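Protein chains get the first letters and strands the later ones, always in sequence-line order, with residue 1 at the start of each. Just so it is clear, the model here is predicted, and its values are computed rather than measured.
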Amino acid sequence: MAGSRLEKLGTVFSRTRDLMRSGALAEAQKPLWFEVYAAFPPLREPVYREPRPRYGKVTDPIPPVLYPEDAVRAKFYEAYGNGPKAFELSQLNFKSTCQRFVEKFIELDKEGKTEPEKLFEETGNQLLAEGIILRRKGTANVAQQTLQKTKTSDLGLEMNLQTMFEAKERQQRKQDQEEEHLESADVQKENPLS
Amino acid sequence: MAAARLLRAVAPRFRGLESLGKAAPRTSQLSSRLYGTLLAPEANPPADPNAINEKLITEPLKHSDFFNVKELFSLKDLFDARVHLGHKEGCRHRFMEPYIFGCRLEQDIIDLDQTVKHLQLALNFTAHVAYRKGIILFVSRNRQFGHLVEVTAKDCGEYAHTRYWQGGLLTNAHVQYGSGIRLPDLIIFISTLNNVFEPHVAVRDAAKMNIPTVGVVDTNCNPSIITYPIPGNDDSPLAVELYCKLFKMTITRAKNKRKQMEVLYGLQNKAESG
């Protein structure tokens, strides 16, 4: 059976068709898929193209996918970090804290009662009223108490560590002092002998 | 006698003349000469199997979606299976740009409207090839889904190759396996890249051996030589499971349809001759 192994020249279909036209392939040797391809051709002819990189000024042809809510999301993540609740990717209709914040923000914006500068804080307050505590990263503004609690617990830990260190140092000093005493005692003993 | 029965069946209004024909042999010859055209119906089912085969094979090509592959999946199914998720911006292949919808935080998002069209074409093609009793070979060098692909192929009754591809498998088949070997009529790639993120050798070899290919191309793949590319995610387990399910359903559907049609045409043939 005749064949054409030139994969960089034309398509599979064009090569087989031309082989049959020239007589190298008999009608009986027509491949199975030939008529199917002829009836349902692909959207693009599978011609070989050399994958060369772009030269000169390279402009990215792919547009970025951005929504107007993304500005709100950026502000949220900047202020509150990752948010109190972790993302559950296994649920398809999962709503994260950030998403609830964004929806509340848009709602308040539509109502138009609050000024644009105060919208961010207002949404935070409303979510607090609903029961979601948002911890700011860095500055201690909202939920100071929880922050202080964590600080005291940290201090407690530090205190423990400090006391441990001090105790150890005291021990070491005691040991050194004892050694000195012993040495001095030896020296004193030696002296009268000498 | 058979001729007379056939004449009765085909041209009932010539009953009177028929008796004339039966009466005397001379008159039957006369009738056969006079009504020579009437004998044509007898020659109509010529070599029965050939004609039936012709009709059997060419009939499905006349419908745009003979196997109704459109109902097998929807755009939402593709979205839920995360088919639209591509790789990062830096991995993007230049020829995949027409199939990409946009880039969200440096991750490429594949255009699912185009994927739906491409997937329909590809599934339709595989169905027709399976209907014509073609050999289909599943190829994937992605180790995570090797077993799944092999199981899918086994369930369809087709073949799979998910291990190391020896150089002359297609191009040197007659030497490696002996003459008279039949090569696959369609190769389906669940992933067109091999383990070093280069195009799989089988893509080029299939083009060399004039074998059409159907392949799932991710944003870092080269779709130029693949006959029916399907732009989509080839790394998520959900996506690959979806593809395997769809291919298995189309191939089994096509094979069952073939059996159905053979029985149908067999019955028709019997009705005509009997």
Side-chain angles (χ1 to χ4, degrees), chain A residues 1-20 24-25 28-55 58-67 69-70 73-74 77 89-93, chain B residues 57-58 60-65 79-80 89 92-98 100-109 114 117-118 120-122 124-129 131-135 171 185-186 199 203-214 219 222-229:
Chain A
M1 206 186 102
S4 168
R5 295 197 178 190
L6 306 165
E7 82 271 14
K8 297 190 185 175
L9 205 68
T11 70
V12 185
F13 180 73
S14 70
R15 271 177 272 135
T16 333
R17 181 199 64 204
D18 294 338
L19 279 171
M20 294 211 299
L25 263 184
Q29 290 174 311
K30 182 161 71 174
L32 218 72
W33 51 267
F34 191 81
E35 282 173 353
V36 188
Y37 187 112
F40 308 107
L43 293 173
R44 176 199 163 255
E45 290 265 333
V47 186
Y48 176 80
R49 273 185 299 178
E50 184 72 43
R52 280 210 187 88
R54 283 202 170 86
Y55 292 111
V58 181
T59 48
D60 194 7
I62 308 284
V65 175
L66 290 169
Y67 301 100
E69 302 98 57
D70 285 344
R73 288 194 187 115
Y77 285 122
L89 293 174
S90 45
Q91 293 175 27
L92 280 171
N93 54 353
Chain B
I57 288 174
T58 52
L61 292 178
K62 295 177 191 161
H63 307 252
S64 70
D65 197 2
F79 184 82
D80 289 337
E89 203 176 325
R92 193 193 298 154
H93 193 99
R94 188 173 157 185
F95 297 146
M96 286 301 292
E97 275 159 15
I100 295 177
F101 174 75
C103 191
R104 177 128 172 108
L105 297 177
E106 294 161 21
Q107 185 178 12
D108 287 331
I109 307 292
Q114 291 189 51
K117 285 190 223 158
H118 282 91
Q120 275 169 6
L121 268 177
N124 187 35
F125 188 81
T126 44
H128 280 276
V129 170
Y131 179 86
R132 288 159 172 246
K133 298 196 176 164
I135 293 183
T171 42
D185 300 297
L186 174 68
V203 176
R204 193 206 63 187
D205 280 355
K208 272 190 182 287
M209 305 307 289
N210 295 337
I211 299 170
T213 45
V214 163
T219 48
N222 184 358
S224 316
I225 305 193
I226 297 172
T227 330
Y228 292 89

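- A/Arg15 places a side-chain N or O within 3.5 Å of a backbone atom of B/Ala207 that can act as its donor or acceptor partner.
- Contact of B/Tyr131 with chain A is not made at all, since no heavy-atom distance falls under 4.5 Å.
- In terms of heavy-atom pairs under 4.5 Å with chain A, the best-connected choice from B/Asp185, B/Leu61, B/Thr58 is B/Leu61.
- Both the backbone and the side chain of B/Arg204 come within contact range of chain A, judged by heavy atoms closer than 4.5 Å.
- When heavy atoms are compared at a cutoff of 4.5 Å, A/Leu92 approaches chain B solely by way of its side chain, counted from C-beta outward.
- Around atom NZ of B/Lys117, no more than 12 heavy atoms belonging to other residues, nucleotides or ligands sit under 6.0 Å away.
- Ranked by heavy-atom pairs under 4.5 Å with chain A, the first of B/Leu186, B/Asn124, B/Ile57, B/Leu105 is B/Asn124.
- A search for salt bridge (Lys or Arg N to Asp or Glu O under 4.0 Å) contacts involving A/Arg52 returns nothing, not counting sequence neighbours.
- In the displayed structure, A/Tyr77 atom OH is contacted under 6.0 Å by more than 12 heavy atoms of other residues, nucleotides or ligands.
- In this structure, chain A has a heavy atom under 4.5 Å from the backbone of B/Lys133, while its side chain stays farther away.
- Of the listed residues (A/Leu19, A/Val47, A/Thr11, A/Leu6), the one with the most heavy-atom contacts under 4.5 Å to chain B is A/Val47.
- Contact annotation for A/Leu66: both backbone and side-chain heavy atoms come within less than 4.5 Å of a heavy atom of chain B.
- Contact annotation for A/Pro61: only side-chain heavy atoms (C-beta onward) come within less than 4.5 Å of a heavy atom of chain B.
- Between atom CD of residue A/Glu7 and atom CE of residue B/Met209 there is a gap of 11.5 Å, rounded to the nearest 0.5 Å.
- Listed here is the closest heavy atom pair of A/Ser4 and B/Asn210: O-OD1, 3.4 Å.
- With a 4.5 angstrom heavy-atom cutoff, B/Pro223 touches chain A only via backbone atoms.
- Closest heavy-atom contact between A/Glu50 and B/Phe95: O-CZ, 3.5 Å.
- By the neighbour-count criterion of 12 heavy atoms within 6.0 Å, atom CD of B/Glu106 is sparsely surrounded, having that number or fewer from other residues, nucleotides or ligands.
- Within residues 32-39 of chain A, the residues having any heavy atom less than 4.5 Å from a heavy atom of chain B are, in residue-number order, A/Leu32, A/Trp33, A/Glu35, A/Val36, A/Tyr37, A/Ala39.
- Across B/Asn222 and A/Pro51, no two heavy atoms sit closer than the pair ND2-CG, 4.3 Å.
- Residues A/Phe40 and B/Ser64 approach most closely at CE2-O, 3.6 Å, considering heavy atoms.
- Taken from CD in B/Glu89 to CG in A/Asp60, the straight-line distance is 5.0 Å, to the nearest 0.5 Å.
- Nearest heavy atom pair, residue A/Val65 against residue B/Gly102, reads CG2-CA, 3.5 Å.
- Residue A/Arg49 touches chain B through both its backbone and its side chain, counting heavy-atom pairs closer than 4.5 Å.
- Taking both residues in full, the closest heavy atoms of A/Pro42 and B/Thr227 are given as CB-O, 3.3 Å, listed atom of the first, atom of the second, then distance.
- By the 4.5 Å heavy-atom criterion applied to side chains, B/Arg92 and A/Ile62 are counted as neighbours.
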